[in-house]
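Note that these values count all heavy atoms, side chains included, but never hydrogens, waters or copies made by symmetry. Everything numeric here is computed off the predicted structure, so don't read it as measured data. Naming: A, B, ... by sequence-line order, numbering from 1 per chain.
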Number of protein chains: 2
Amino acid sequence: MLNARPGVREETITKVQEAVGRLGYVRDTYAANLARQRQYRFVFVLPEGPSQFAIALEAALQEAFSSHFADRTVLKIVRIPAHDPHAIVQILQGLQHLPLDGVALMAPETPQVRDAVSRLKESGLAVVALASDLPNTKRDYFIGINSIAAGRTAGLLMGRFARTGGEILVATNSMRSRDSLERRLGFEAVISGEFKGLKVLPSVESFDNPTRMEEIVREVTATRRRLVGVYSMGSGNAAILRALRRSGRIDDLVVIAHELTPATRRALEENEIAALIAQNVGHLARSALRVLRNLCDDRPIFEAQERVRIEIILRENLP
Amino acid sequence: MLNARPGVREETITKVQEAVGRLGYVRDTYAANLARQRQYRFVFVLPEGPSQFAIALEAALQEAFSSHFADRTVLKIVRIPAHDPHAIVQILQGLQHLPLDGVALMAPETPQVRDAVSRLKESGLAVVALASDLPNTKRDYFIGINSIAAGRTAGLLMGRFARTGGEILVATNSMRSRDSLERRLGFEAVISGEFKGLKVLPSVESFDNPTRMEEIVREVTATRRRLVGVYSMGSGNAAILRALRRSGRIDDLVVIAHELTPATRRALEENEIAALIAQNVGHLARSALRVLRNLCDDRPIFEAQERVRIEIILRENLP
DNA sequence: GTTGAAAAGAGGTACGTTCCTCAGATACGC
DNA sequence: GCGTATCTGAGGAACGTACCTCTTTTCAAC
C-alpha cells in the first residue's frame, strides 16, 4: 500500500501519507527486503593484471560481505584488459543479458566504453563509475576522488617538502588517461602558482612497461642534476623506486606517489617516499555497494557519506 | 537451536554445526533481530559546552540514523561537564539504572571516572571509550586515534614544513589530559630525533580560558623572535589564531592544529594553518555504534574496519 | 521393569513487510 | 434497475529467524 501499486485512489494515498506523518512511521527496509526476497545482483568490472589496487578492492569487497554489510547481495567480479577498449565493450555487452541489477565499473574512458556504458544504462541497470570517472556517459554516479584536487594536494606537499628550488619529474603510465591528465593539471597549477622555484618537467610515460619506466627514470636522474622531486601519478611505483635507489639520489629527492600498496608502504617506512596520496579502498567498496543499492530501490543517495576523501599518508600515520 | 540454549546435547550441537558448515548457511542477522524484536539502547556521553567536536559527532550520529545505519537502535546523548569528575561520576552512576545495553564515553581519564566505568561494566553494559582512551579500566574497546602517533604525524609535518631552524610553540588546553601528554610526547620525539634545527618550547596551557590563551600566545610571539611554528594540540584554536593574526607573524609561522571545525577550516583555506590532524567523525560515530552492537550480541569485532585513521588535511584536500 | 524427572527436539506463532487473492464498491451501458 | 467490467481495499500467506510450548526420548534410581 505504501508502494506505488497501480490503482490506488488519490484520496486514499493522501490519507495514508497523512497517517504516516502523524504516527512517525518509518519503514523497516530490512523487513521489506525479507518479505520481498530482495536480492541485489551486482557486477564489479575491474582491470585485470596484477594491479594492487584491484587486489585491495577485491579484499575490501570480501570484507564487506564478511561484516554483513553486503547481505542480500550477490556479487561477481569481472576482469577486463584495461587497454583493449574492444574487449571491454564485448564484456560489457555480455552483461546485458545476465540477470543483473547494477554494475560498478573501473575502466579508462574511451568513446567505445562511453557507448557501452550508455547501453548498459538503457538496459535498465544501475551503473557507477569506480575510482576513475566516466563523464559524458549516462553513469548514475561516480565514486572516487577528484583527480585535479588529488594533483593539487600532491603539488602542495611537494612545494612545501622541497627545501630548495629545482626540477620535478612527473611519471605516469600513460598521459592518455584522463586521471593522469587531471592529476598533472592540478599538480602543475599549484607548483607554478605558489612555488616559483620549482619547475615541473614534461611527463614521462611507461606504457605498462616497467623496464621502460626504469630506464627513463635512470636517465633523468643521471642527467638532471637539479632534480629535487618525483611525482608518480599512477602505477609503476616499483620500477620508479628501483631506478631511484640505483641512482643513489633517492634520499635527497622528495618522492610523492599514489595509492597504498605493499611496495609504497615499504618505501614510506624506509623514508624513500615522503608522502602518499591515497583513497580508502574499503570506503570505495562500501560506497559502491551502498550507492548501487540505493539506485536500485531508487532511494536518495547521501552525498556526504559517499564522498571519498583524498588521504595523505606519511610514515607516521600509516594505517 | 543455533543459539546457546541451555540443555542441548554435545552431540547434537556438533551435528548441527557440521550441517551448518556443509550447507554454507549464514544466519540472517536482521531476520533474527526482527524475530527477537531486538532493540539496542545506547547512551553517548559527550563533553558539554560549545565543543565543535561534540557537535560534529552529534551530527554524524544523526546521519547514521537517517541512513538506516542505526536501525533498531535507540540513542540518548548525555552531556557532561568535562572538568568535574564528581559530576561525571554521578551521571555515569545514573546510567546504571536505566534500561540500557551500552555506553560510548568521551571523558578525560581520572581515577573517579575509571572507577565509574568499571562499575558500568560490572552492571553488564557494553562500554566503549570514544576519541579519548580510558586504559586501565574495564572498557571493552577504544575507538579513536593513537595520540602518540597523531603527535608524531604533526611532528613530521612540522619538521618538513619548517624551512629554517627555530622554536616551536606547543599549546593545549591542559597538559593534565592524557591525550595532550601523548601528543606532545610523539611530537617531540620526531622533532628531536629528526629535525635537529628545531626546538620545542615548553607547553603552554589555557585551562579552558580563551583570553588566557590569547594572552600567552601574544606574549610568546612578541618575545620569541626565533619562533617558526605553532602546534595546537587541543581546543582553543580560535583564540590561538586570533593572537597569531594580531602578531602579524602568522604568515611566517607553520601552524598545525587538530580537528576540522569551521574555524580551522577557514584558517586552512586562508593559508593560516598549514595542516590539520583530524579524525573522521562520521567514522567514529559509525564505529562506535557497530562495536557496541557487536559487543551486545557478543559477536567478534572487525578490527581493521574500526581502526580510525589519522587524517592529514591540507588546503587542497579539504573534504 | 517401572517410575519420574530432566533433557531433547518438534511444532507453532510472531516480528514488519510485500504481494497475491478475493470480495466489496463503483461506474457504465442498456 | 440490473448486469457487467473495472476499481479499490481488506485479508492472509510468506520471508528467515527466535522463542515458547508441548511431546518424546533418555537415563538414573528403585
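- Rounded to a whole Å, the CZ atom of A:Arg38 is 18 Å from the C1' atom of D:dG16.
- Here the nucleotide nearest the side chain of A:Gln37, chosen from D:dG16, D:dC19, C:dT17, is D:dG16.
- Nucleotide C:dC19 holds its P atom 10 Å from the CG atom of A:Asn33, rounded to whole Å.
- Salt-bridge annotation for A:Asp140 and A:Lys121: present, with a side-chain N of the basic residue lying under 4.0 Å from a carboxylate O of the acidic one.
- Across D:dC19, C:dT18, D:dT17, the shortest atom-to-atom separation from the side chain of A:Ala32 is found for C:dT18.
- Both tests pass for B:Arg38 against the ring of B:Tyr40: distance under 6.0 Å to the centre and angle within 45° of the axis.
- Atom CG in B:Asp28 sits about 15 Å away from atom P in C:dT17, given to the nearest Å.
- In this structure, B:Tyr30 atom OH and D:dA18 atom P are separated by 15 Å, rounded to whole Å.
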Test side-chain contact (heavy atoms from CB on, under 4.5 Å) on B:Leu134 and B:Phe142; report intermediate values, then the result.
CA-CA 8 Å; B:Leu134 298 167; B:Phe142 164 57; over 6 Å; no

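- Nearest nucleotide to the A:Arg36 side chain, out of C:dC15, D:dT17, C:dT18: C:dT18.
- Between D:dA18 and B:Arg27, a contact under 4.0 Å exists linking OP1 or OP2 to a side-chain N or O.
- For A:Glu58 and A:Arg79, the salt-bridge test passes: some basic side-chain N is under 4.0 Å from an acidic carboxylate O.
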